[in-house]
Structure formats: C-alpha cells, structure tokens
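This report refers to the structure that appears directly beneath it.
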Protein chains: 2
Amino acid sequence: MSRQIRIKDIAAKAGVSTGTVDRVLHERGNVSPKAKVKVLKVMEELGYERNIIASTLAYNRVFRIAALLPGFHTDPYWEQPFSGMERALKTVRHYGISLEPHFFELFDPRSFLQTVGQVLENPPDAILFAPVFLKESRTLLEACRENGIHNVMINTYVDNPDSLCYIGQDSYQSGFLAGRLLHFGLNEGETAMLLNLEVGSHNAQHLIDKERGFRDYFGQFPGQHIEIVKRDFEDFDDRQKLTSLLDDLFARHPRLNGIFFTNSRAYKAVECLPAGIVQKIKIVGFDLIEQNIRHLRKNNIDFLINQNPVHQGYMGIINLVNHLVFKKNVEKLQYLPLDIVVNENVDYYLKRQEEFEIVL
Amino acid sequence: MSRQIRIKDIAAKAGVSTGTVDRVLHERGNVSPKAKVKVLKVMEELGYERNIIASTLAYNRVFRIAALLPGFHTDPYWEQPFSGMERALKTVRHYGISLEPHFFELFDPRSFLQTVGQVLENPPDAILFAPVFLKESRTLLEACRENGIHNVMINTYVDNPDSLCYIGQDSYQSGFLAGRLLHFGLNEGETAMLLNLEVGSHNAQHLIDKERGFRDYFGQFPGQHIEIVKRDFEDFDDRQKLTSLLDDLFARHPRLNGIFFTNSRAYKAVECLPAGIVQKIKIVGFDLIEQNIRHLRKNNIDFLINQNPVHQGYMGIINLVNHLVFKKNVEKLQYLPLDIVVNENVDYYLKRQEEFEIVL
DNA sequence: AACCCTTCTGTGTGCGGGCACGGTAATTGT
DNA sequence: ACAATTACCGTGCCCGCACACAGAAGGGTT
C-alpha cells in the first residue's frame, strides 16, 4: 500500500499521455483501439482507483437535489426525514451537493402537483420525495423519466423501474414484530388487540400490511389460545369518545391485556386510560415522537417500534451522492432496521438522531 | 447559498493576498495585527469555511493509524470491531488515511507489550486500541503522551485525559435493560436468574456493572414479588456439568422462568436444556454471534442485546478522522446504542453490519 | 503533390488551498 | 546616515484530475 496510483502513472506505463487515459476512463471516445486496450490493461494491473478528492475538485460542478415532502405543520413526523436530509447534506456538501426543499400539503394532491410544477421550472439533477399520492407521484416519475432526473423515494413504496432506490420500512414485518413483542408479555387465554386510530384505515396499504403481519405472527402458534381482536376508530381527537371506546373494549374483552397501536397515536389512547390499567396492560406503538416518549418514560407505553424516519432522509441523500458522485451501485430496495425502543435504551436512539453525522 | 467562499474571495475583500489569509488561517504568524483583524473580520462576515476537498488534496499527506486489538482465533468477537475499522477505512481512505492492524494474544499481557513495542518502532499518527489489560494499557498511554500520538480506546473503558475518546457500551445500562426485557415476560411470584458463564467473573468490572444494573431494575418495583437469583459458573465448556448445573437450578427454583446471560455464551446453556423448557422460559443474552442467532431464530433465545461491536471499530476510525482531518471536536465518552434484537428484526442488524458504509 | 477531412493524441490550464521562496518595508544597531 | 536584521507580504508551484484546444497522423480526393 505504498502509494495511490495516479492517472499519470498509468499513462507513463502505457506509453500514452494522461489525456488519453482520461478519455478511456470517461469513455469519451476518440481513442484508438490499440491505445484503449493498453490503457485498460495497465489500469487493471496497477489496480487504479479514481482519486475522488481530486476528481470532485476538478469537476467543479454542483449537483442540485430537490426534496419534495409534506410540510411539518399538519404532521410533525415529517420533520424527521427532513432533518436527516439536512444532516446528510452537512456531511456531503463539500462534494458540491446542494439541497432545495419543497413542501406540500399532506392531504392535498393538488398542492403536490403544484409543487412538482415549481420544481420542474428549474429542473434539478435529482429529486428525493415521499410519494404519498399514488397517481400524482406517477406523474412526477414520468416527468423525471422524460427529463432524465434521477430520483429516490422514501417512506411509501411505489414500484418504478427508473428510480434509483426506495428507502423505508417494511410494514408487514413491523406488524409481525409487534406481535412478537406483545406475545412475550401475554399469557395463555388472554386477548391482544390491534387498534387503528386513523381516518380511512381500511384502504391504507401500510395498515393492512401491519395487520397481516400481526395476525401472521400469532398464526404461528395454533396451539396457543390468544385471541386477536381488531378495531378501527376515526374520532381519536375526541377525548370523550375515545375514552368510551376504551371502556367498551375492556368491557367486551375482560382478558384484554395487550394493545398494538398501528401508528404514532398510541399516546392519545394512553391518556384516556386510568393509571391502574395502563400500567398493567402491555402497549406497543410506533415512532419516537415526543408524546410517545413521555409515556414510554413513565412506563405507560412498553415498546415503541422506531422506523428510523431520520435515517430515511439521511440515506436518501447518501444514496444519491453514492450514485451521482461516487458512481457506486446502490440497492434498489432498502428497508431500514426496526429498532425496538424501551425506556432503557430510548436515549441512545434520540441522541443518534441528533448527532449522526458519521463523517465529513 | 450561491457559492462557497474561497480564500481568494476573502483575500480580495480584505485587500491582502491569499498568502496572508493562509497565514492567519493556520496561525503561522508573521502577519501584522492590522492585517490579521481585517482578515478575521472578513472571514467572519463572509462565513468562510475551509474547502476540505481542496485542502486534503493540497496537504498531500497520509495519516497513519495503528490498530491494536486481540487476535480472532481466541475469540471471534474481535473480528467485529476490526471489520468495522476496515469498513470505515474504505470510506475515508481518500483523505489520506492508512490503517496498520496489529494483533496480540487475548490472555497474554506480555504479547500486548511486545506488540506495543512493534508499533512504536515506527510511530504512527494515531493509535486505536482495546485496553484489555489495565496496567499495560497505561504504559501505552504514557508512550502516546510522550510521542504526541493521538489515541482512541474502544470496548473497555480506561480513564485517561489525553485520549481523544472512548467508544463502547454502558454495562450498567445493559444489565438494566436486560432486567426490563425479562420483567416484561415474567409474572408475579416467578424467579429471574442472572447467570455468569465466565472465568473469574467476580472481578470482571463489566459483569459487576451488569449485575448491578439488573438488580437495580427490579429494585424499582419493591411491591412486586419477583425473586432474583445469581450464579457464577466457570465450567461452561463441559456439557455434562453445565447440564447438571441447570437441572440443579430448576430443582432449587421451581418458578424459575427467565434467565439473563451476561455475556455471549447464552447458546451454550440453551443447548443443554430440553426443548420443552427452553421454549417456555424467557432468555436474554448478548451479542449477535452466529450460534446465538441460530437459537434466536428457533425462538430458543428471546432477546439478544447488541452492543454494536462493529460500530465500535467503525466509529473509532471515524472519530480519529474527524479530529485529524476535519479538525472537529469529538465527544470524549461515546456509548453506542443497545439494540434489542429478536427473531423478527435480526436480519436488519446483520445486514447493517455487512454494508454500513454510510458514505464515501 | 497539394489539399482537406477525420481520427486520434499531447499539452496546458484551472479547481481551492498549502507552502516555499524571494522580495519589500520597517526596525534596530553602530 | 547607512548597513544589517527582522517583520511582513505577494507570487508561484504543486496536489490529481477534468476538459478544451491545438496539433499530428492517416486516408482520400483532385
């Protein structure tokens, strides 16, 4: 490992100039077959690797990445992927990466399209976005294809062969995992519940997947008698109604001893339960948002499954850089770890979200 | 965000040459107070940030990092930090980092000292090591101080003001966490056991800390009746003896329903237990080594706590680079996350260990 | 042979910053 | 007052690579 091989070295050894080496390296053409094979052979022999530092310096160009995701005001969740992007940006800024964030309304497809229009007025080199609206996202993907804009999707999976990659969670698996966690705390004959506190949960694909995973988990133990019940509830912001729902549930299912909340709203229900019950029953929810963490610390919530939203944004940027700058191959489908978070390790994860800047 | 400020820009605005700016930037002296304040003011105004790409290119130097850790043949565990280092190296090689690994015998302090001698023959810029022998490590640390060699410690904590940082796990907290996990699966009146399968466990600080954490966890619930028992056992490689130990334990403690193994040897005991019992009782162990994972997949082990050894090596290198190259401040004490690993999320963590290369 | 294309190749400049060298201005000593 | 020293400053080259441009080599036409 004495020294890095330079373009100059292989030029000398191949008996050509650096210009020629450069041409074969970048496949610019205009090089005789004879010279080409010579250069390639020497490169192989010496094990040449491009010096990325010198390369980026000489390129002297900036890659513009546009981010397209829901604004924070409707749902604080989206702050997390965005903060991951910002953090990633910090670490790769020197490579000539710039990030232009655009926000749309979480529940308004028209606003999405409008924002897409804005972005396309001055087309970036790449787009990183959350395809929350299927149809409208296809429009965007089509536009990307036409204009040769690289793109990466996070959070919601949409099948698209041209995209560089998708980064997100595996909903089925997270439901399965939730099953395991509840099961660990339940005894024979008890009841486990799956509770969707969501509007229109019946056609939200990720909720369907979670339920399937959850049921499949318990399906592994046909000999055991743990009853699974499920309930959808839309009025989760009405405290009274939520309270009476819960009363009703416990009346109906006297041996109910575990609840799986399929989204980040576990805290809402917990706040409607009397302390005695909350401490006794097992509760599994999603996402390290502040309200959930508060209840995790009080042992009102037992487990939170962390889908690493910060990491999603971070890896979105990193993957683009790996492709654009480092010309590496990236995996098309990237599921992030499902971290199991309890009172005793939550601080590590919170800290990691804050710091994270691995390098550069 | 139009453009990065260059040294040239601030030179122009301050009415001096780039050489002068360079001098104040590197505090080389030989610059008049007047010029200095002017330059500093302009730098402040324009928010200058060194272009690390151009800088490393111009520096054209290599930082030599020596790694010093136990060989793999006595304990495969040590392969993991090392592989993390190699991975980190890949991502920072372009910054002129070279890594020189040295291995010593896990149980032989003399071999440690001998290796230290080798390393010091041609002193590197920095040393990354696991201080498994306290006294001998102090010798090394002293040598580092004298020769101005930066150093980072991983895995075992040794207090030393001159070291750049320590990266490792928090043993107390991991015991505490194990308590929580077992508790979740235990019922009133049952027994939880802490089992040290180790030679000389009574004076291994990390085991003491783990026990303290474990007991402190259950100490939080004085009203509950969960009995905690502890046992040390050194003959863990003798299958017969281990089997009869376990028989004895279950005979003594008929309501024993959970075991916490304080190191990576949970699999050894699991293999001595009859299937009926193994599936019933709750088991928590440490480390994602192959044998443990096999039992995790068969549901013989319920939880493995991952202390992120790969990450330890990785972050060791990264922290050195952050200091040497990027001149960032690094935190002196870095505890890595304690990941809770179950059958349902183990693959994510295994995959992360393999890939990991966050960027570059 | 003179000319023009086309294909190919070498040289030179610049990216931003580190650093050495030589030069100018200011200061000290005699 | 003048030389000798010191304090300060600007210029230019280099790091390894990307890319433009000029020019050479070869082939074909008149």
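Throughout, protein chains are lettered first and strands after them, A, B, ... in sequence-line order, and every chain is numbered starting at 1. Predicted model, so just to flag it, every value in this text is computed and none were measured. Side chains included, hydrogens not; waters and symmetry mates left out as well; all remaining heavy atoms used.
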Partner residues of [X] under the ring pair (Phe, Tyr, Trp, His ring centres under 6.0 Å) criterion, sequence neighbours left out:
X: Tyr335(B); result: none
X: His323(A); result: His150(A)
X: Phe112(A); result: Phe104(A), Phe133(A)

Not counting sequence neighbours, which residues clear side-chain contact (heavy atoms from CB on, under 4.5 Å) with [X]? List them please.
X: Ile149(B); value: Leu120(B), Pro123(B), Pro124(B), Ile127(B), Cys144(B), Asn147(B)
X: Val37(A); value: none
X: Glu79(B); value: Phe72(B)
X: Leu57(A); value: Ile53(B), Ala54(B), Leu57(B)

What do you reckon, is CD of Glu146(B) surrounded by more than 12 foreign heavy atoms closer than 6.0 Å?
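Count over threshold, so yes.
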How about NZ on Lys332(A), more than 12 heavy atoms from neighbouring residues, nucleotides or ligands closer than 6.0 Å, or not?
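For Lys332(A), atom NZ is crowded (more than 12 foreign heavy atoms under 6.0 Å).
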Phe63(B) six-ring face occupied by Arg61(B) cation (under 6.0 Å, within 45°):
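The answer is yes, since Arg61(B) meets both limits relative to Phe63(B).
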Contact list for DNA chain C against residues 31-41 of chain B - heavy-atom distance below 4.0 Å:
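Listed by number, there are none.
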So does Lys351(A) pair up with Glu331(B), basic N to acidic O under 4.0 Å?
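Answer for the salt bridge query: yes.
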With sugar-phosphate taken as primed atoms, P, OP1 and OP2 and all else as base, the protein-contact string of nucleotides 12-25 of chain D at under 4.0 Å (heavy atoms; B, S, -) is ---BBBBB------
So for the helix from dA1(C)-dT30(D) to dT30(C)-dA1(D), with five pairs setting each end axis, what is the inter-axis angle to 10°?
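That helix gives 60° between its end axes.
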Give me each pair satisfying side-chain hydrogen bond (donor to acceptor under 3.5 Å, both in side chains) with a member in residues 29-47 of chain A, each pair once, sequence neighbours excluded.
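Checked against side-chain hydrogen bond (donor to acceptor under 3.5 Å, both in side chains) - neighbours excluded - the pairs reaching residues 29-47 of chain A are Lys13(A)-Glu45(A).
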Heavy-atom contact window of chain A on DNA chain C, given 5' to 3' at under 4.0 Å
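Terminal contacting nucleotides, 5' to 3': dC8(C) to dG16(C).
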